[in-house]
Amino acid sequence: MMANSLRNKTILDNAIGVFDSGIGGLSVLTEIRKSIPRANLIYFGDQAHVPYGPRPLEQVQQFSIAISKFLMAQGAKMIVVACNAASAASLKELRRLFPQVPIVGMEPAVKPAAEQTLSGAVGVLATPATFQSELYASVVERFANGVNVFQSTCPGLVNEIESGNFAGEKTRKILEEALLPMLANKIDSVVLGCTHYPYVLSIVKSIVGPDVRVINPAPAVAKQTAKLFGQLVGASYTNPVPVTEIITSADKQKLIETIREFFPFENHISNAKWVGPSLIANVTQ
Ligand code: DGL
């Protein structure tokens with residue numbers, strides 16, 4: 001109800017638009033909310049198209065451009081691409097198309113992993129789109145010189161997480177298949193290179209044990225977002241009732257069920273619909 005009334009009456013003031021293919025970027029949104037309590041946040045999860053990982057980069061780029069335009073039309077003055085796959089596919093193009101808009105993106109945290117490894121071996125869990133990208137290749141080339149980087153696409157994991165299977169047998173099996181060979185190769189860090197994966201952090205930790213560091217870049221992304229937001233609105237900006245609004249391109253009720261245990265946001269969830277290549281806010285669904 002509340003989301004509908006917000007949507008009908010107001011364009012959110014100085015909002016930060018955050019997006020992902022689905023619920024993954026909510027792990028980043030949570031960190032952003034902690035870092036910037038006063039900001040209005042509009043989150044878009046493209047659950048009509050999830051997963052992005054197996055899709056061609058060009059297609060993910062088209063989605064990202066349309067979503068960014070949509071978020072700006074809802075009042076976003078800056079954009080956080082809370083998705084490694086979408087960042088890999090579109091960050092350069094988004095910055096070219098919208099030079100006036102601060103855009104924060106994500107890349108797998110290979111740098112801190114490579115800087116701190118003692119064993120000389122690190123693991124990266126990400127989706128195929130991320131691994132295929134120039135952005136990932138350049139991160140590995142720049143920061144992981146002399147370090148063995150073991151990769152896994154964790155096939156099927158994003159779908160399990162989207163259906164709310166955060167701790168079941170299938171989820172554990174996918175992660176064991178990814179991580180056990182990496183452990184055999186003596187990794188001492190594992191990078192969560194997909195924003196969906198913090199949902200299964202406890203399983204990852206239970207598989208790798210206490211001696212392997214698990215790196216989630218979300219807090220660093222939130223820190224960068226806070227810095228750019230501060231520059232955008234200035235130190236005197238106040239917002240007595242900061243709003244967090246979540247929009248999905250798929251089933252709103254299903255989203256509420258899936259994220260219930262993590263996010264108390266259900267009064268602020270609404271729908272948008274893809275119409276051809278564009279998104280429109282759909283308050284009636
Ligand atoms: N959460 C996304 C990422 O960080 C993508 C997951 C997917 O849709 O494949 O890469």
Side-chain angles (χ1 to χ4, degrees), residues 17-32 43-64 66-68 79-92 94 103-110 113 123-137 139-140 151-166 170-171 174-175 178 190-201 204 214-222 224-225 246-251 254-255 258-259 262-263 274:
V18 182
F19 75 90
D20 177 51
S21 60
I23 63 172
L26 290 169
S27 63
V28 181
L29 189 84
T30 305
E31 296 298 325
I32 294 174
Y43 181 85
F44 179 76
D46 192 9
Q47 293 185 295
H49 292 136
V50 70
Y52 277 1
R55 292 177 183 272
L57 290 172
E58 299 71 36
Q59 189 185 37
V60 176
Q61 185 185 94
Q62 283 162 16
F63 294 152
S64 303
I67 294 165
S68 299
I79 298 287
V80 179
V81 186
C83 173
N84 291 266
S87 295
S90 66
L91 213 45
K92 253 196 195 158
L94 292 177
I103 297 177
V104 180
M106 304 203 61
E107 61 185 31
V110 171
V124 182
L125 308 181
T127 68
T130 297
F131 286 133
Q132 274 163 36
S133 67
E134 270 173 37
L135 180 67
Y136 179 73
V139 166
V140 171
Q151 298 169 187
S152 173
T153 59
C154 302
L157 185 56
V158 168
N159 286 339
E160 291 305 313
I161 293 169
E162 281 289 321
S163 33
N165 181 6
F166 305 122
K170 194 160 171 202
T171 297
I174 295 169
L175 284 165
V190 59
V191 174
L192 303 184
C194 168
T195 55
H196 279 74
Y197 298 167
Y199 287 93
V200 293
L201 183 64
V204 172
V214 182
I215 304 176
N216 174 13
V221 171
Q224 174 67 1
T225 305
I246 297 176
I247 306 171
T248 175
S249 54
D251 184 347
K254 187 167 167 275
L255 174 62
T258 313
I259 63 174
F262 293 96
F263 304 98
W274 285 100

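If you're wondering where the values come from, they're calculated on a predicted model, not measured in any experiment. Atoms within each ligand, like the ligands themselves, are counted from 1 in listed order. Position 1 is the first residue of the sequence, and the numbers go up from there.
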Quick check on ligand 1: any N or O pairs to the protein under 3.5 Å? One line per pair.
{"unit_1": "ligand 1", "atom_1": "1 (N)", "unit_2": "Asp20", "atom_2": "OD1", "d": "2.9"}
{"unit_1": "ligand 1", "atom_1": "1 (N)", "unit_2": "Thr195", "atom_2": "OG1", "d": "2.9"}
{"unit_1": "ligand 1", "atom_1": "1 (N)", "unit_2": "His196", "atom_2": "ND1", "d": "2.8"}
{"unit_1": "ligand 1", "atom_1": "4 (O)", "unit_2": "Asn84", "atom_2": "N", "d": "2.8"}
{"unit_1": "ligand 1", "atom_1": "4 (O)", "unit_2": "Asn84", "atom_2": "ND2", "d": "3.1"}
{"unit_1": "ligand 1", "atom_1": "4 (O)", "unit_2": "Thr195", "atom_2": "N", "d": "2.8"}
{"unit_1": "ligand 1", "atom_1": "4 (O)", "unit_2": "Thr195", "atom_2": "OG1", "d": "3.3"}
{"unit_1": "ligand 1", "atom_1": "8 (O)", "unit_2": "Ser21", "atom_2": "OG", "d": "2.6"}
{"unit_1": "ligand 1", "atom_1": "8 (O)", "unit_2": "Tyr52", "atom_2": "N", "d": "2.6"}
{"unit_1": "ligand 1", "atom_1": "9 (O)", "unit_2": "Tyr52", "atom_2": "N", "d": "3.3"}
{"unit_1": "ligand 1", "atom_1": "9 (O)", "unit_2": "Gly53", "atom_2": "N", "d": "2.8"}
{"unit_1": "ligand 1", "atom_1": "10 (O)", "unit_2": "Asn84", "atom_2": "N", "d": "3.3"}
{"unit_1": "ligand 1", "atom_1": "10 (O)", "unit_2": "Ala85", "atom_2": "N", "d": "3.0"}

> Does Ser87 reach the main-chain N or O of Met106 with its side chain, forming a donor-acceptor pair under 3.5 Å?
Replying inline: yes

| task | Report yes or no: does Thr153 contribute a side-chain atom to a donor-acceptor pair with the main-chain N or O of Pro128 at less than 3.5 Å? | result | no

Step by step, work out the side chain to side chain contact (heavy atoms under 4.5 Å, CB included) result for Tyr197 and Thr127.
CA-CA 11 Å; Tyr197 298 167; Thr127 68; 4.1 Å; yes

- Task: Apply the test side chain to side chain contact (heavy atoms under 4.5 Å, CB included) to residues Leu201 and Leu192: give CA-CA distance (whole Å), side-chain angles for both, the deciding distance (0.1 Å), then the verdict.
- Result: CA-CA 9 Å; Leu201 183 64; Leu192 303 184; 4.0 Å; yes

| task | Start with the C-alpha distance between Gln59 and His49, add both sets of side-chain angles, then the distance that settles side chain to side chain contact (heavy atoms under 4.5 Å, CB included), and finish with yes or no. | result | CA-CA 10 Å; Gln59 189 185 37; His49 292 136; over 6 Å; no

Review point. Yes or no on side chain to side chain contact (heavy atoms under 4.5 Å, CB included) for Glu31 and Asn216, after CA distance, side-chain angles and deciding distance?
Key: CA-CA 11 Å; Glu31 296 298 325; Asn216 174 13; 5.5 Å; no

